[in-house]
There are 2 protein chains.
Amino acid sequence: MPMRGDLPRLLIEAGLALLDEEGAEGLTLRRVAARAGVSHAAPAHHFNGLPGLRTAIATEGFCSFLHELVSARDALPPDADPFQGLLAVNQAYIRFSWRRPALFRLMFDQLPTENDDLRLAARAVYAILQDHWTPFVGNRPPAAFETAIWALTHGFAALNMDRPYPPDTPVNLSSYEDALRLLVG
Amino acid sequence: MPMRGDLPRLLIEAGLALLDEEGAEGLTLRRVAARAGVSHAAPAHHFNGLPGLRTAIATEGFCSFLHELVSARDALPPDADPFQGLLAVNQAYIRFSWRRPALFRLMFDQLPTENDDLRLAARAVYAILQDHWTPFVGNRPPAAFETAIWALTHGFAALNMDRPYPPDTPVNLSSYEDALRLLVG
DNA sequence: CCGATTGGCTTTACACTGTCAAGTTGAGCG
DNA sequence: CGCTCAACTTGACAGTGTAAAGCCAATCGG
């Protein structure tokens, strides 16, 4: 019926909306179908059941994620120093996890699948992160430095996604900034 | 019927087993009930529906988690230096996430609930982590140092829980050890 | 000792879910 | 026209959480 915009894309966008509006439990084949105005079995037909829809949504999520990281980088003034770039991109990472927690969780819970598109999208995100920390490697072992800085960012995002852990701890990006500064020294 | 061991505990243990054996999708009120040999509505009666069972299981998970961290600490030789202690406890953290990924995810997805028992259990875990990194704070800002070291560990655990991220990256605890050493320098 | 009450559990029912098989529709093509 | 094939729809089924009602043994006030 809707010739404008093929159905698969419509379904993915419906899924993203449901995820953002209602959380993980809102993402349902039948709800996605209803939102896209098609029959309840249409989503399973295009993707491969619910798991297929979820990986498709996760893949699209990584594209949005990448776009936000790139935007954060491009929004910097041209004379910004490398640390400002590193901080901006990694703060965008964390902010994404706050703004779209259900999608963020789906993306990283979904990672181990063997879907090539998903792996590619995730790799692209990793590449832009890499670009920004390489200037700081210095004479440290690169693998350890990569691990440290990227686990720091992801861990901070994951632990503060809904509420601070441990409870009663205030959450703010400035504490992340200080931690990052500790690492890059 | 089973006078040995009250039903709530039986249900929690059934849930933990299902989680370990079948993953997150295996944790179902009805499956838990069947495994404990009671009617399908019994679990919802004792806990408060599925969410209540989940937080109860997460709480129990934090107790096991704490126990493993304490064991790792106590297994150290008495002449171990502080860094060995820090490393041992944090590696136990990561190993737990590998051995029981579904439970680990449930625990940290469940955190934002307002259940007091859960908060208490999570806090106890945090306390033992804290014990081991305080010797290394030195003259650094303590909040930033806490954030850094704890986000590093949790992020490493979360990202390598099922498979390495980014794909094609080898996972090993030694790369974590190097990263940790970078931080405590 | 006895009737009432209560808490632990069962039974029943219902709406909602994913998945599968079969049917429908419509466009492209010989 | 008739054939095919893909994109859906329809219908059915097992499994899910939840709520209401029932059952039943233990407990307790008298």
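Proteins come first, then strands; the chains are lettered A, B, ... in the order of their sequence lines, and each starts at number 1.
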Atom-to-atom span, [atom1] of [X] to [atom2] of [N] - whole angstrom:
X	N	atom1	atom2	value
A:R31	C:dT17	CZ	C1'	10 Å
B:N48	C:dG8	CG	P	14 Å
B:E25	D:dG17	CD	P	13 Å
A:L27	C:dC16	CG	C1'	15 Å
B:L29	D:dG17	CG	P	4 Å
A:E22	C:dC16	CD	P	13 Å
B:L10	C:dC9	CG	C1'	14 Å
B:H40	D:dA20	NE2	P	14 Å

- Item | Residues A:T59 and A:D117: side-chain donor-acceptor under 3.5 angstrom | no

Winner on side-chain proximity to B:L50, out of C:dT10, D:dT18, D:dT10, is D:dT18

Could you tell me whether [X] and [Y] have their ring centroids closer than 6.0 angstrom?
X	Y	value
B:F108	B:F62	yes
B:H154	B:F104	yes
A:F156	A:W150	no

Considering every strand and a 4.0 Å limit on heavy-atom distances, what is the contact class for A:P51: base, sugar-phosphate, or nothing? sugar-phosphate

Have a look at A:A44 and say if it touches a base, only the backbone sugar-phosphate, or nothing, with a 4.0 Å heavy-atom cut-off.
nothing

N or O in side chain of A:R30 less than 4.0 angstrom from C:dA15 OP1/OP2:
no

Next on the checklist: With a 4.0 Å limit, can you tell me whether A:H46 has a side-chain N or O closer than that to the phosphate oxygens OP1/OP2 of D:dC8?
Outcome noted: yes

Exercise for the section: Kindly indicate whether the side chain of A:H45 and the base of C:dT19 share any N or O donor-acceptor pair separated by less than 3.5 Å? Expected result: no

- Given side chains that start at C-beta, do those of B:E146 and B:R140 come closer than 4.5 Å, heavy atoms only? no

